[in-house]
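Please read the structure below before turning to the comments.
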Amino acid sequence: MKKIITILSLISILFSCKTIQVNQQSQKTTKTVVELGVIGKVNYKFKTDRLETTALPVYNQKIRVATNNVVFNTTTFKTYTKASNQQNQKINITYIDSAENKPSYVNLQFLDKVQLINELNAEYNDGISTYLQNAKNNIIITGISTYFNSEDLENLSQADEVYLINNKPKKYNLELIKNGRTIANIDMANGVSFTYTTASFCWKKEYGKISIVNITGANEGCGKDTYKNVSRLNKKVNLFKY
């Protein structure tokens, strides 16, 4: 009987982290606040997997973000509704499945991965790097689906370029640029995020220094001589092995 209970508990954990399709990409759902660019880890103590923010990197250099406006369907709207109720930040929105014109949300994904890695390795993020090297199972949020108010969504649809900026300590905004000038700044905290994508860190040791050289998705491995587990970089080399 105990074995059956254990098996059922494991099954519950495995299937508690729900995913839905956004832009033909599988994304995890969330009821709690999730922001682009933060570092966190999943807490399995809850009945449903809950992403807890563990670190807020400093982004002194802005990072290019890809944006896609996506029309709500029944599944994504239900997911949004649950998230907005949990976050106590419901934005007025009317969704009718049979209506021809349905409301939309925005999917944000890091576009410039090289710049993101450079920022994470920057001297002003040394504390973040030390933490990540000594803590397990941390990931970075590389994409989110968010519903903003109509004005913010309209500005996003008109922007030629969108960047994640960090002008205030522990505060992330979106800078919107059109025709070479800034047309708006959007506070990330003003949106209601309901799905997200993550990436893990690949580490490499060169000239005695350990740094992040890549970030990879859940089903991707690290390249040659790079590892997700930093402890593998500190193994002693056997000089007698040929």
Side-chain angles (χ1 to χ4, degrees), residues 17-38 40 42 48-53 59 62-113 116 139-166 171-178 182-199 217-218:
C17 188
K18 296 180 180 179
T19 61
I20 61 175
Q21 292 295 311
V22 176
N23 270 0
Q24 299 181 338
Q25 180 187 43
S26 181
Q27 298 193 7
K28 297 177 182 178
T29 63
T30 180
K31 293 180 183 178
T32 55
V33 177
V34 173
E35 287 193 34
L36 188 68
V38 306
V42 176
T48 56
D49 298 351
R50 178 176 176 177
L51 184 76
E52 296 183 341
T53 299
Y59 297 120
K62 59 187 183 182
I63 305 172
R64 184 78 180 269
V65 174
T67 66
N68 287 293
N69 285 349
V70 188
V71 176
F72 274 110
N73 58 31
T74 303
T75 301
T76 52
F77 184 72
K78 285 182 178 178
T79 305
Y80 158 77
T81 301
K82 292 178 181 178
S84 62
N85 289 336
Q86 180 74 25
Q87 296 173 28
N88 294 319
Q89 193 178 338
K90 189 170 184 178
I91 305 171
N92 290 331
I93 175 175
T94 301
Y95 175 85
I96 302 173
D97 189 46
S98 58
E100 184 176 348
N101 295 319
K102 298 181 178 66
S104 62
Y105 58 94
V106 65
N107 181 246
L108 306 169
Q109 298 279 340
F110 277 125
L111 186 62
D112 192 345
K113 190 164 73 171
L116 174 60
I139 42 82
I140 185 167
I141 307 301
T142 54
I144 57 173
S145 290
T146 304
Y147 183 75
F148 290 105
N149 62 41
S150 57
E151 181 182 354
D152 288 341
L153 288 172
E154 178 63 24
N155 285 332
L156 280 163
S157 68
Q158 293 184 12
D160 298 326
E161 303 167 33
V162 177
Y163 294 89
L164 180 73
I165 59 174
N166 182 200
K171 187 74 173 177
Y172 299 155
N173 288 357
L174 294 174
E175 180 184 23
L176 280 53
I177 295 177
K178 184 177 182 178
T182 300
I183 60 170
N185 280 287
I186 298 176
D187 188 341
M188 291 287 292
N190 289 342
V192 177
S193 299
F194 54 94
T195 73
Y196 64 96
T197 56
T198 66

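- No more than 12 heavy-atom neighbours from other residues, nucleotides or ligands sit within 6.0 angstrom of NZ on K82.
- Note that CD1 of I144 and OH of Y196 are 12.0 Å apart. Values are rounded to the nearest 0.5 Å.
- If you take CG on N185 and CG on D152, they are separated by 10.5 Å, rounding to the nearest 0.5 Å.
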message = side chain to side chain contact (heavy atoms under 4.5 Å, CB included) for T19 and T29? Distances and angles first, verdict last.
response = CA-CA 6 Å; T19 61; T29 63; over 6 Å; no

message = Between T195 and I20, is the side chain to side chain contact (heavy atoms under 4.5 Å, CB included) condition met? List the steps.
response = CA-CA 8 Å; T195 73; I20 61 175; 3.5 Å; yes

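- Checking S145 against N107 by side-chain atom types alone, a donor-acceptor pair falls below 3.5 Å.
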request  = Could you walk me through whether V34 and L51 pass side chain to side chain contact (heavy atoms under 4.5 Å, CB included), step by step?
outcome  = CA-CA 8 Å; V34 173; L51 184 76; 4.1 Å; yes

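- Put simply, the side chain of K113 never gets that close to the backbone of F110: no donor and acceptor are under 3.5 Å apart.
- Partners of D160 by salt bridge (charged side-chain N to carboxylate O under 4.0 Å, His left out), not counting sequence neighbours: none found.
- Rounded to the nearest 0.5 Å, atoms NZ (K31) and OG1 (T81) are 11.5 Å apart.
- A donor-acceptor pair is defined here as one N or O able to donate and one able to accept, closer than 3.5 Å; such a pair exists between the side chain of T30 and the backbone of T32.
- Between atom CD of residue E35 and atom CG of residue L108 there is a gap of 11.0 Å, rounded to the nearest 0.5 Å.
- For the 3.5 Å distance criterion, the side chains of N69 and S157 fail to qualify, holding no donor opposite an acceptor.
- Side-chain atoms of L176 and L156, non-hydrogen and from C-beta on, do get closer than 4.5 Å to each other.
- Between Y95 and Y80, the distance separating the two ring centers is not shorter than 6.0 angstrom.
- In this structure the side chain of L174 never reaches within 4.5 angstrom of the side chain of Y163, judged on heavy atoms.
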query = Going through the checks in order, is the side chain to side chain contact (heavy atoms under 4.5 Å, CB included) test met by Q21 and S26?
reply = CA-CA 5 Å; Q21 292 295 311; S26 181; 3.5 Å; yes

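- E175 pairs by the salt bridge (charged side-chain N to carboxylate O under 4.0 Å, His left out) definition with K62, not counting sequence neighbours.
- No more than 12 heavy atoms of other residues, nucleotides or ligands sit less than 6.0 Å from atom NZ of K78.
- In this pair, F77 and F72 present their aromatic rings perpendicular. The plane angle is above 60°, beyond the 30 to 60° band.
- Taking OG from S193 and CD from Q27, the interatomic distance works out to 10.5 Å, rounded to the nearest 0.5 Å.
- Residue I165 holds its CD1 atom at 10.5 Å from CD1 of I186, rounded to the nearest 0.5 Å.
- If you check the side chains of Q109 and Q25, you find a donor sitting under 3.5 Å from an acceptor.
- Under the 6.0 Å cut-off for aromatic ring centres, Y147 and Y105 do not qualify, their centroids lying 6.0 Å or more apart.
- Listed for the T146 side chain is no donor-acceptor partner under 3.5 Å among the backbone atoms of V192.
- A donor-acceptor distance shorter than 3.5 angstrom exists from the side chain of N166 to the backbone of K171, with no hydrogens or angles considered.
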